Amino acid sequence: MEKIRTLRGFRDIVGEDIERFGRIEDASRRYLDLLGFAEIATPVLESTDLFVRSIGDATDIVEKEMFTFTDLGGDSLTLRPEATAGVVRAYLQAGMYAKERISKIFTMGPMFRHERPQKGRFRQFYQVDVEVFGSDDPFIDAELLWMISLLLADLGVKKYTMEVNSVGCKLCREEFRTVLVSYFETKKDRLCEDCLRRLYKNPLRIFDCKNAQCIEVNSESPLLFDYLCTECGSHFNSFLSHMNGFGVPVTVNKRLVRGLDYYTKTVFEVTSDELGAQKAFTAGGRYDNLVEEMGGPKTPAIGFAIGMERLALIVGSGERPRKPVFFFAYLGEKAKAYLVPVTKAFIAQGLPIRYSYDGKSLKSQMRYADSLGADFVMILGDDEINRCIIVARNMKDKKQFELPLDPSEIAVELKRRIQK
RNA sequence: GUGGGUGUAGCUCAAUGGUUAGAGCAUCAGGCUGUGGACCUGGGGGUUGGGGGUUCGAGCCCCCUCACCCACCCCA
């Protein structure tokens, strides 16, 4: 019979991987909590329309990467390809804008994109998603990057680059777009096929092209950065000086653009050279118009997402403090009768307890105890029962001693010994 | 969607076209009847990803297919 496997781009997260995920989640929650972010959870399945309207109908995500299907009632549903749309929807649906001036929100969970898998890229991938609603103060932009730097330091990530840029507001972007299109029109013969397609659809994305000729054309192109309106320009400068105030170094990359339509002003990417082609493991930006476009009140906002499997590839190997392990080895049915009371006593003391189910030879049970990394093994057989004692063996120094056969006394005594 | 690479035991990998496809690790058992961990002995575990073809003979050569990896594309 054919073995059933995970679908392409889907995987089980086990062992070392799930430990890394756990550390990323723990550290994220810690810093987010310290800075006043509230956790929420939103559905993985939403109306297709939500994503089309927020992400932009001409983006690659919406055009060809969504897991979209029609449900039994005939509605078009989509597995979320990113988190911001759902969080904005939740923000509006719960009326948070009326309850608090600033809403700092985060959520964690799986996202889905129908792409070809490669290093650091899966069809189901996990993100820590962080959003701040209600202010366009550039201090917040800087605060978020600072928080990311704290988190990365905590996780032992040392080599990374924070690239920042401003993509302006609607006004300056419109003006720049005409300038840019007319520039590229003069260079049409040197652009690759993809960029010719992008030219009218989304000319900013030509900056992202890795084709050698296009990079050359790009190097001489006008920059949106130089066309920022006064407000956007001073917003960006203010953001940079706040970064300086936090003491977090950033690199201005005037060609940094993003793949989602809703970004305005500040955009950023945190990259690592250790990641392969998909080197951005955290990215985000400001989106001052999205909430309003989604039918809410005018609400400036900013957010970012951490790609957990990408970050997991570069987090330092952290050793969690090891918990003590106690093992109960029993010989015969009479001894096995003590399994339940002993187990209960250890759990009551908050002590991890292990045992074999088949209770084979003592040798076998000792091997098993060793493979589990047991600190103490309790040995109980007919001899001990007759003498009303239990033998405890310290697996480190190999010293054995006897304790009265009383489960809670045993647990208390061994707890005392392990704490020394 | 397009390239390139790789598919042999649970894992990491061997095997000029030629016996019954091996090794290490892992696992299980034994090495005084009741005492673990770098030792010794043994056991179990494979439709060589799948399907065709060439050949006296295919893990190996050819074709198709599937999966995984890397890259393009795109993005976290």
Side-chain angles (χ1 to χ4, degrees), chain A residues 1-11 15 24 55 59-66 80-84 108-130 148 192-195 197-198 202 205 208-211 257-260 268-272 275-285 303-314 327 329-332 335 356 358-385 391-400:
Chain A
M1 195 152 83
E2 201 182 330
K3 282 182 193 162
I4 297 177
R5 302 179 43 94
T6 50
L7 301 170
R8 166 174 290 171
F10 289 71
R11 60 176 197 146
I24 291 169
I55 297 169
T59 58
D60 287 278
I61 293 178
V62 170
E63 274 186 349
K64 52 190 184 191
E65 293 171 3
M66 297 204 302
R80 61 182 183 191
E82 58 105 46
T84 303
M108 297 181 185
M111 308 295 154
F112 305 84
R113 286 184 204 169
H114 197 279
E115 298 180 276
R116 196 68 173 263
Q118 68 183 76
K119 188 178 174 76
R121 190 170 80 183
F122 302 92
R123 288 185 173 179
Q124 174 171 336
F125 57 100
Y126 290 78
Q127 290 188 339
V128 179
D129 183 77
V130 180
I148 293 168
C192 71
E193 253 180 68
D194 288 325
C195 286
R197 252 193 313 111
R198 293 181 183 124
N202 195 346
R205 296 213 55 81
D208 259 352
C209 192
K210 284 157 194 157
N211 178 294
V257 291
R258 317 251 56 246
L260 284 68
F268 56 88
E269 262 181 22
V270 189
T271 62
S272 165
L275 279 177
Q278 313 301 323
K279 64 190 187 118
F281 61 92
T282 293
F304 68 87
I306 298 171
M308 288 185 45
E309 27 286 278
R310 290 183 188 178
L311 180 51
L313 288 171
I314 54 174
F327 190 95
Y330 54 91
L331 294 155
S356 78
D358 47 26
K360 282 188 274 194
S361 69
L362 182 57
K363 182 193 212 57
S364 158
Q365 293 189 63
M366 290 298 287
R367 278 185 182 163
Y368 186 37
D370 186 59
S371 74
L372 296 175
D375 296 282
F376 283 94
V377 175
M378 291 155 279
I379 301 166
L380 188 68
D382 290 342
D383 294 350
E384 288 79 13
I385 292 173
V391 170
R393 179 181 175 86
N394 182 327
M395 296 293 273
K396 296 240 167 57
D397 62 18
K398 302 182 182 179
K399 283 181 184 155
Q400 297 194 176

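Predicted model only: the values in this text are computed from it and were never measured. Throughout, protein chains are lettered first and strands after them, A, B, ... in sequence-line order, and every chain is numbered starting at 1.
Interface remark: the A/Gln118 side chain does not form any donor-acceptor pair with the B/C68 base, using a distance-only criterion of under 3.5 Å. Judged by distance alone with a 3.5 Å cut-off, a donor-acceptor contact links the side chain of A/Glu384 to the base of B/G34. Counting distance only, with no hydrogens placed and no angle test, the side-chain atoms of A/Lys398 and the base atoms of B/G37 include a donor-acceptor pair under 3.5 Å. No N or O donor and acceptor, one from the side chain of A/Gln365 and one from the base of B/U35, sit under 3.5 Å apart.
Here A/Lys64 pairs with A/Asp60 under the side chain to side chain donor-acceptor pair (under 3.5 Å) rule; sequence neighbours left out. In terms of the side chain to side chain donor-acceptor pair (under 3.5 Å) criterion, A/Glu309 has no residue partners (sequence neighbours excluded). Listed by chain and number, the residues in a side chain to side chain donor-acceptor pair (under 3.5 Å) with A/Lys399 amount to none (sequence neighbours excluded). Listed by chain and number, the residues in a side chain to side chain contact (heavy atoms under 4.5 Å, CB included) with A/Gln278 are A/Gln118, A/Arg121, A/Arg310 (sequence neighbours excluded). Scanning for side chain to side chain contact (heavy atoms under 4.5 Å, CB included) contacts around A/Thr6 gives A/Phe10, A/Asp12, with sequence neighbours left out. Under the side chain to side chain donor-acceptor pair (under 3.5 Å) criterion, A/Glu65 pairs with no residue, sequence neighbours left out. Every side chain to side chain contact (heavy atoms under 4.5 Å, CB included) that A/Lys398 has, sequence neighbours left out, goes to A/Arg393. In this structure, the side chain to side chain contact (heavy atoms under 4.5 Å, CB included) partners of A/Glu384, at least two apart in sequence or on a different chain, are A/Leu380, A/Ile389, A/Val391.
Using a 4.0 Å heavy-atom criterion, one finds that A/Gly120 contacts the bases of the nucleic acid, with or without backbone contacts as well. The residue A/Phe327 sits apart from the nucleic acid: no heavy atom pair falls under 4.0 Å. Within 4.0 Å (heavy atoms only), A/Gln400 reaches at least one base atom of the nucleic acid. Nucleic acid contact for A/Lys363: base, since at least one base atom lies under 4.0 Å from a heavy atom of the residue. Contact annotation for A/Arg258: backbone-only contact, meaning every heavy-atom pair under 4.0 Å involves sugar-phosphate atoms and none involves a base. Contact annotation for A/Asp383: base contact, defined as any heavy-atom pair under 4.0 Å involving a base atom. Looking at heavy-atom distances under 4.0 Å, A/Ala369 makes no contact with the nucleic acid at all. Using a 4.0 Å heavy-atom criterion, one finds that A/Phe125 contacts the bases of the nucleic acid, with or without backbone contacts as well.
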Quick tally for nucleotides 40-45 of chain B: nucleotides whose base has a protein heavy atom under 4.0 Å get B, sugar-phosphate-only ones S, the rest -, giving ------
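The interatomic distance linking A/Glu269 (CD) with B/A76 (C1') rounds to 9 Å, in whole Å. In this structure, CD of A/Gln124 is placed 17 Å from P of B/A76, rounded to the nearest angstrom. Separating the CG atom of A/Leu362 from the P atom of B/G34 is a distance of 8 Å, rounded to the nearest angstrom. One interatomic measurement links the two molecules: CZ of A/Arg11 to C1' of B/C69, which rounds to 13 Å at whole-angstrom precision. Per the geometry, CE belonging to A/Met366 stands 18 Å off C1' belonging to B/A29, to the nearest Å. When rounded to the nearest whole Å, the span between CZ of A/Phe10 and P of B/C69 equals 13 Å.
Here the separation of B/G24 from B/A9, taken at their C1' atoms, is 12 Å to the nearest Å. With P as the reference atom, B/C60 and B/U19 are 14 Å apart, rounded to whole Å. Nucleotides B/U54 and B/C63 have their P atoms positioned 15 Å apart, rounded to a whole Å. Of the C1' atoms belonging to B/G43 and B/U33, the separation is 23 Å, rounded to the nearest Å.
Stem analysis of RNA chain B (Watson-Crick or G-U pairs, both distances under 3.5 Å, runs of at least three) returns B:1-7 with B:66-72, B:10-13 with B:22-25, B:27-31 with B:39-43, B:49-53 with B:61-65.
Out of B/C70, B/A76, B/C73, the shortest distance to the side chain of A/Lys119 is found at B/C70. Between B/A76, B/G34, B/A67, one nucleotide has an atom nearer to the side chain of A/Leu331 than all others, and that is B/G34. The side chain of A/Asp370 lies closest to B/G36, out of B/G36, B/A76, B/C68. Taking only side-chain atoms of A/Arg121, from C-beta outward, the nucleotide of B/A71, B/A76, B/C68 with the closest atom is B/A76.
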Contacts under 3.5 Å, N or O only, protein and nucleotides 25-28 of chain B:
from, atom 1, to, atom 2, distance (Å)
B/C28, O3', A/Lys360, NZ, 3.3

Pairs under 3.5 angstrom, nitrogen or oxygen only, protein versus nucleotides 2-8 of chain B, please.
from, atom 1, to, atom 2, distance (Å)
B/U2, O4, A/Arg116, NH1, 2.7

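Residues A/Lys119 and A/Leu275 fail the side-chain proximity criterion, which asks for heavy atoms closer than 4.5 Å.
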